[in-house]
Amino acid sequence: MIANVLVGLVALIHLYIVYLEMVLWDTPRGHKAFKLTPEFASASKVLAANQGLYNGFLAAGLIWGLYLGAAGVQIKVFFLLCVAIAGLYGAATVGRKILYIQTVPAAVALVAVWLGA
């Protein structure tokens with residue numbers, strides 16, 4: 001039960017990231033969230049939308065794992081590992097904030113799934 005709540009939380013975080021990257025990127029809210037200048041946001045809008053799509057796939061995979069119930073454990077593990085690794089890469093290449101927003105929640109959910117919590 002706790003594991004599914006945590007997996008759901010990670011999926012919701014990624015759905016919000018999708019929204020930020022695909023819809024709000026070139027708005028004041030997107031600029032603030034990602035520390036962008038309006039010029040950079042405008043120039044990189046298509047790239048951000050592509051990145052948002054990938055985050056959407058991560059969320060979809062986690063939701064799929066939740067939908068499958070007990071049969072979805074391996075799917076949840078796979079997608080949580082993907083989220084954690086992507087977060088580590090983002091923290092190393094973009095900023096440490098990503099570690100706390102993406103990697104830590106995924107790692108906590110992953111431990112909970114492994115423990116069957």
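- Summarising the geometry of Trp25 relative to Lys45, their closest heavy-atom pair is CD1-CA, 3.7 Å, with the distance given to 0.1 Å.
- Hydrophobic clustering, with ILVMFWY side chains joined whenever heavy atoms are under 4.5 angstrom apart, groups Val77 together with Tyr67.
- Linking ILVMFWY residues whenever their side-chain heavy atoms come closer than 4.5 Å, directly or via other members, places Val10 and Trp114 in the same cluster.
- Using a 4.5 Å heavy-atom cutoff, the side chains of Ile13 and Gln102 are not in contact.
- Hydrophobic clustering, with ILVMFWY side chains joined whenever heavy atoms are under 4.5 angstrom apart, groups Phe78 together with Val113.
- Tyr16 and Tyr54 are assigned to two separate hydrophobic clusters, defined by single-linkage of ILVMFWY side chains at heavy-atom distances under 4.5 Å.
- In this structure the side chain of Asn4 reaches within 4.5 angstrom of the side chain of Lys76, judged on heavy atoms.
- Taking every heavy atom of both residues into account, Ala11 and Ala59 meet most closely at O-CB, 3.7 Å.
- Interatomic distance, Asp26 CG to Phe40 CZ, rounded to the nearest 0.5 Å: 11.5 Å.
- Taking all atoms of both residues into account, the shortest heavy-atom contact from Val83 to Ala106 is CG1-CB, 3.5 Å.
- Leu110 contributes atom CG, which lies 9.5 Å from atom CG of Leu115 (distance to the nearest 0.5 angstrom).
- Annotation for Gly30 and Leu36: closest pair O-CD1, 4.0 Å, computed over non-hydrogen atoms.
- The structure places CG of Leu58 at 9.5 Å from CG of Leu80, a figure rounded to the nearest 0.5 Å.
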Would you give me the side-chain donor-acceptor pairs under 3.5 Å for residues 17-24, sequence neighbours excluded?
| unit_1 | atom_1 | unit_2 | atom_2 | d |
| --- | --- | --- | --- | --- |
| Glu21 | OE1 | Gly52 | N | 3.1 |
| Glu21 | OE1 | Asn55 | ND2 | 2.9 |
| Glu21 | OE2 | Gln51 | NE2 | 2.7 |

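- In the hydrophobic cluster analysis, where Ile, Leu, Val, Met, Phe, Trp and Tyr join through side-chain heavy atoms closer than 4.5 angstrom, Leu62 is grouped together with Leu66.
- Separating the CZ atom in Phe34 from the CZ atom in Arg29 is a distance of 11.0 Å, to the nearest 0.5 Å.
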